[in-house]
Amino acid sequence: MITDKIFEGLNDRQREAVNCLEGPLLVMAGAGSGKTRVLTCRIANLLANGVKPWNILAITFTNKAANEMKSRAASMIGEPARNVWLSTFHSFCARILRADVESTGLRRSSFAIYDTSDSRALIKNIIKDFNLDEKRFIPAVVQSKISAAKNMLVGAQRFADSINFDSDRSLFDQKVAEIYLEYDRRMVENNAMDFDDLLLIAVRMLEKNEDVLDKYQRRFQYILIDEYQDTNVAQYRLTQLLAAAHHNLCVVGDADQSIYRFRGADIHNILSFERDYPEAKVVLLEENYRSTKMILDAANAVISNNDNRKPKKLWTRNALGDRLTFFEALNERAEAQQIVHEIKSLREQNFAYKDIALLYRTNAQSRALEEAFLNAGMPYVIVGGLKFYERREIKDIIAYLRLINNLQDSISLTRIINVPRRGIGQTTIAKLDQFAANSELPLFDIISDVEMLIRAHIPAKAKQSLYQFAVFIHDCVERQNEFSIPEFVLHVLEASGYMTELRDNVTTENEARLENLGEFVNVAKEFARDNPSGALEDFLNHIALISDLDNLKEEEDRVSLMTVHSAKGLEFPVVFVTGLEEGLFPHASSMMDSDALEEERRAAYVAITRAQKKLYLTCATTRSTFGKEQMNARSRFIDEIPLELIASARRTRPTPPPSMMPRRFQSFYEAPAQPKKSFQMPVKNKFMPDVGVEWSTGDRARHGKWGEGTVLKVQGAGANAQLTIVFDDASIGKKNLIVQYAPIKKI
DNA sequence: GAACTCAGCTTTTTT
DNA sequence: AGCTGAGTTC
């Protein structure tokens with residue numbers, strides 16, 4: 001019997017939630033209480049009761065969680081489970097927008113999705129064009145204001161209006177409003193949407209068009225939302241619109257794990273669910289299956305210091321477990337060293353590397369940890385941080401693909417117009433921008449038209465390269481159907497000269513870039529395999545919305561390093577919560593604001609509850625921040641944990657200087673002396689020019705970037721001599737170089 | 001145009 | 001400390 005399988009091993013509360021299929025349902029699920037399991041089983045149960053998979057919509061926080069849930073449901077109920085709409089809010093919105101936004105007249109369906117840095121680049125352009133001072137109008141600040149407004153469903157016009165009516169508002173906000181209006185205008189012009197637009201415009205679409213709303217309301221008879229405590233106004237409104245017709249809405253979350261206030265998440269969405277849906281059934285899941293009693297007690301103790309919360313106590317039948325381990329190291333290097341040391345002993349206790357996670361509050365902390373791992377030769381993976389899709393070479397190839405897919409995308413065009421170098425400099429780009437602004441044409445239209453290039457007063461050389469570039473892009477547009485997506489990616493990389501540039505300039509950095517591009521081709525292959533009929537546009541859409549976390553592969557035995565935020569929803573047998581210092585965790589920016597401080601404490605709660613068996617809490621007495629040594633007090637969160645739960649050296653602050661310490665403790669506090677420079681970040685190989693070598697016509701030279709060539713002309717002598725070199729690679733051609741400055745060698 | 005130097009800023013967390 | 005952007009030089 002299928003239903004037996006669904007209910008097998010569930011506790012009474014969980015059964016209740018899985019069994020309640022109709023009407024609004026709120027599942028308050030404490031950390032580790034089997035929340036994912038309930039969601040999965042509930043989906044399976046809906047299917048078992050004859051609900052069609054395409055009538056179910058389930059929203060999760062990451063694509064990874066979505067896929068996992070899909071597989072689990074499929075193993076319970078069979079393949080039809082794969083037809084459930086299971087995705088993140090953002091992918092869901094992208095999908096319905098592709099399908100229907102064009103019919104509402106709001107946007108075209110072929111829009112590009114800009115990530116944070118693309119949209120910041122656009123804001124920066126606008127600030128420049130408005131002749132505003134970049135010191136006062138910091139692009140990132142303006143961006144976050146606009147983002148906050150969008151997350152609250154405040155469009156540009158309403159944002160501007162709300163300021164005009166308020167005479168006290170500063171000039172700053174008025175300017176932000178102007179930038180916001182212009183930003184929207186250019187996003188339309190570029191045929192692009194940012195992450196916030198996906199939500200905002202999807203809501204507008206459903207509000208504006210009854211037919212479309214009706215269609216999706218009919219389609220999604222049953223809606224499930226995970227991590228409901230982290231929804232923002234736009235997501236809340238979207239949920240409300242979709243569920244309005246039937247109220248078959250199940251939301252799952254834990255107010256104590258709400259840690260995304262900074263991006264507009266509103267904890268009240270979950271707290272007032274019962275007010276929004278008075279007929280709602282509420283199920284509390286308080287039995288924890290994940291952690292030992294020790295860990296859970298520590299978590300409960302910390303979170304109980306938050307005043308603004310509904311009291312709740314997680315409990316477990318699990319074993320008492322080991323006491324937590326706390327240590328304070330001398331500095332962040334010693335902290336990392338000590339962690340490495342602990343991991344070695346964990347290995348002797350039969351823990352695998354992949355059983356272990358290191359959590360930190362800020363990405364910057366990963367550096368010291370990474371160094372220690374490299375030195376120790378210990379396998380690790382950094383989840384998040386400088387993400388794969390944020391690497392320069394990956395953004396470059398994506399920009400090429402986006403431009404080919406959407407010739408109006410001027411942001412992508414400017415990114416790669418001179419990558420690899422084509423002799424198109426700032427002056428030329430400024431002229432083009434000017435001309436584009438005056439003629440209201442997309443940049444690409446201008447560079448593909450020689451007439452216009454002349455009118456824009458582009459010098460002959462630049463004109464030539466621009467035109468060649470335009471021809472190349474046009475050619476790619478026309479020929480894209482000759483290739484599969486991975487082949488096309490390779491074609492673009494080769495034919496643009498991008499690969500040549502990387503291959504000719506052999507540095508560790510470039511080798512890493514080539515490797516990353518290879519990985520990108522693999523992503524394309526995977527996509528092509530999973531979506532045989534997928535177009536370039538679908539591929540772009542796919543990669544715009546997958547996060548690093550989605551790629552966390554479990555098969556490799558490596559220690560995971562990530563921020564507390566990235567760790568949400570994950571669990572590990574052993575967890576190290578690092579950098580537990582006042583000013584860092586809780587972060588300095590939260591100290592003035594009790595709401596922010598409570599959010600920090602929830603982050604600490606999330607961190608602690610990731611651990612199943614063993615929990616380590618660590619901090620450093622001094623830490624160098626911005627290149628300066630800083631003394632930090634131990635985090636208050638440590639002092640909120642009852643003493644009896646903690647083993648080992650605590651309350652040792654201030655740490656005595658090494659000379660005052662009994663010798664047997666020294667190694668505990670201080671990293672062993674290590675050769676300086678034993679770790680080096682990949683640096684560009686500097687090609688030192690051969691100063692002191694005399695050159696003459698006909699000599700052969702090797703250039704760091706452009707390969708080999710022949711000297712055509714020599715002007716002057718010694719270090720200051722100017723050489724004219726014809727490079728063998730015809731696409732590079734003739735270059736004038738100063739001996740003393742150019743990366744060249746005589747061969 | 002390319003490559004260098006210097007000043008100033010960075011670090012909160014992310015789809 | 002390490003990165004970006006502005007300014008400078010040839």
Side-chain angles (χ1 to χ4, degrees), chain A residues 59-63 87-94 113-116 124 128 134-135 138-140 144 147 151 194-199 227 230-232 234-235 258-265 359-368 383-387 389-390 418 421-428 459 461-462 465 544-550 562-568 579 583-590 596 599-600 602-603 606-607 623-630 681 683-684 686-687 689 703-706 715-716 719-722 735-743:
Chain A
I59 302 284
T60 58
F61 205 64
T62 61
N63 290 300
S87 65
T88 62
F89 267 112
H90 289 86
S91 329
F92 170 74
C93 290
I113 299 170
Y114 279 5
D115 71 13
T116 314
K124 208 168 161 185
K128 268 195 192 136
E134 254 188 75
K135 299 267 155 53
I138 300 158
S144 72
S147 171
N151 283 327
D194 62 25
F195 288 141
D196 305 317
D197 285 332
L198 292 173
L199 301 171
E227 308 280 10
D230 280 324
T231 50
N232 60 32
Q235 292 163 337
S258 163
I259 53 172
Y260 281 94
R261 204 175 66 123
F262 70 93
R263 71 170 202 215
L359 309 185
Y360 37 79
R361 180 64 180 75
T362 69
N363 279 306
Q365 288 164 255
S366 67
R367 191 178 222 108
V383 182
L386 216 212
K387 290 171 205 117
Y389 290 97
E390 282 167 15
N418 201 31
R421 306 247 117 93
R422 296 185 177 90
I424 299 161
Q426 283 170 17
T427 340
T428 306
K461 234 173 95 186
S465 343
L545 295 171
I546 47 179
S547 70
D548 230 37
L549 206 54
D550 301 331
M562 69 188 91
T563 63
V564 173
H565 284 76
S566 297
K568 197 164 85 151
L584 191 61
F585 197 2
H587 196 267
S589 59
S590 70
E599 176 139 318
E600 293 289 310
R602 289 193 294 270
V606 168
R623 181 178 293 274
S624 65
T625 336
F626 306 135
K628 270 198 277 283
E629 285 287 308
Q630 243 192 317
M681 289 300 278
V683 233
K684 227 180 209 167
K686 292 223 168 155
F687 238 92
H703 186 277
K705 198 176 283 181
W706 297 324
Q715 287 168 290
N720 281 317
Q722 183 178 329
K735 298 274 179 190
N736 289 324
L737 304 159
I738 310 291
V739 171
Q740 138 178 229
Y741 300 115

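Letters A, B, ... are given to chains in the order of the sequence lines, protein chains preceding strands, and every chain is numbered from 1.
Residues Phe89(A) and Phe195(A) keep their aromatic ring centres 6.0 Å or farther apart.
Rounded to whole angstrom, the span from the CG atom of Leu584(A) across to the P atom of dT13(B) amounts to 10 Å. Put simply, CZ on Arg367(A) is 12 Å from P on dA1(C), counting in whole angstrom units. Atom-to-atom, CD1 of Ile259(A) to P of dT13(B) comes out at 12 Å; the value is rounded to the nearest Å. Taking atom CG of residue Asn232(A) and atom C1' of nucleotide dT14(B), one finds them 12 Å apart after rounding to whole Å. Between Leu359(A) atom CG and dT14(B) atom P the separation is 12 Å, expressed in whole Å. Atom-to-atom, CZ of Phe585(A) to P of dT11(B) comes out at 18 Å; the value is rounded to the nearest Å. Between Phe61(A) atom CZ and dT14(B) atom C1' there is a gap of 7 Å when expressed in whole angstrom units. Rounded to a whole Å, the OH atom of Tyr360(A) is 10 Å from the P atom of dT13(B).
Residue Ile424(A) is the one, among His587(A) and Ile424(A), whose nearest nucleotide of DNA chain B lies closer to the 5' end (criterion: closest heavy atom). In terms of position on DNA chain B, the residue among Ser589(A) and Thr427(A) whose nearest nucleotide sits closer to the 5' end is Thr427(A).
Residues Ser87(A) and Thr60(A) have side chains not in contact (no heavy-atom distance under 4.5 Å, counting atoms from C-beta outward).
The side chain of Lys124(A) lies closest to dG5(C), out of dT12(B), dA2(B), dG5(C). For Ala364(A), counting side-chain heavy atoms from C-beta on, the closest listed nucleotide (dA2(B), dT15(B), dT11(B)) is dT11(B). Residue Glu600(A) has its side chain nearest to dT12(B) when only dT12(B), dG1(B), dT15(B) are considered.
We find that the ring of Phe262(A) and the base of dT13(B) stack, their centres lying under 5.5 angstrom apart and their planes tilted less than 30°.
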For a side-chain contact (heavy atoms from CB on, under 4.5 Å) check, start with the C-alpha distance between Arg261(A) and Glu599(A), then their side-chain angles and the critical distance, and finish with the verdict. CA-CA 8 Å; Arg261(A) 204 175 66 123; Glu599(A) 176 139 318; 3.0 Å; yes
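For dA2(B), the OP1/OP2 oxygens have a side-chain nitrogen or oxygen of Arg421(A) closer than 4.0 Å. Taking only side-chain nitrogens and oxygens, Thr625(A) never comes nearer than 4.0 Å to OP1 or OP2 of dT10(B). Taking side-chain N and O atoms only, Asn363(A) has no distance below 4.0 Å to OP1 or OP2 of dT12(B). Contact annotation: Ser566(A) side-chain N/O to dT13(B) OP1/OP2 distance is not under 4.0 Å.
Side-chain atoms of Ser147(A) and Ser144(A) form no donor-acceptor pair, as typed in the model, at a separation below 3.5 Å.
A donor-acceptor contact under 3.5 Å links the side chain of His90(A) to the base of dT15(B).
Within the 4.0 angstrom heavy-atom criterion, no nucleotide atom of any strand lies near Lys461(A). Counting non-hydrogen atoms under 4.0 angstrom, Tyr260(A) reaches the backbone sugars and phosphates but no base.
A search for ring-ring contact (aromatic ring centres under 6.0 Å, His included) contacts involving Phe92(A) returns Trp85(A), Phe220(A), not counting sequence neighbours.
Below 30°, between 30° and 60°, or above 60°: for His565(A) and Phe262(A) the angle between ring planes is above 60°, a perpendicular geometry.
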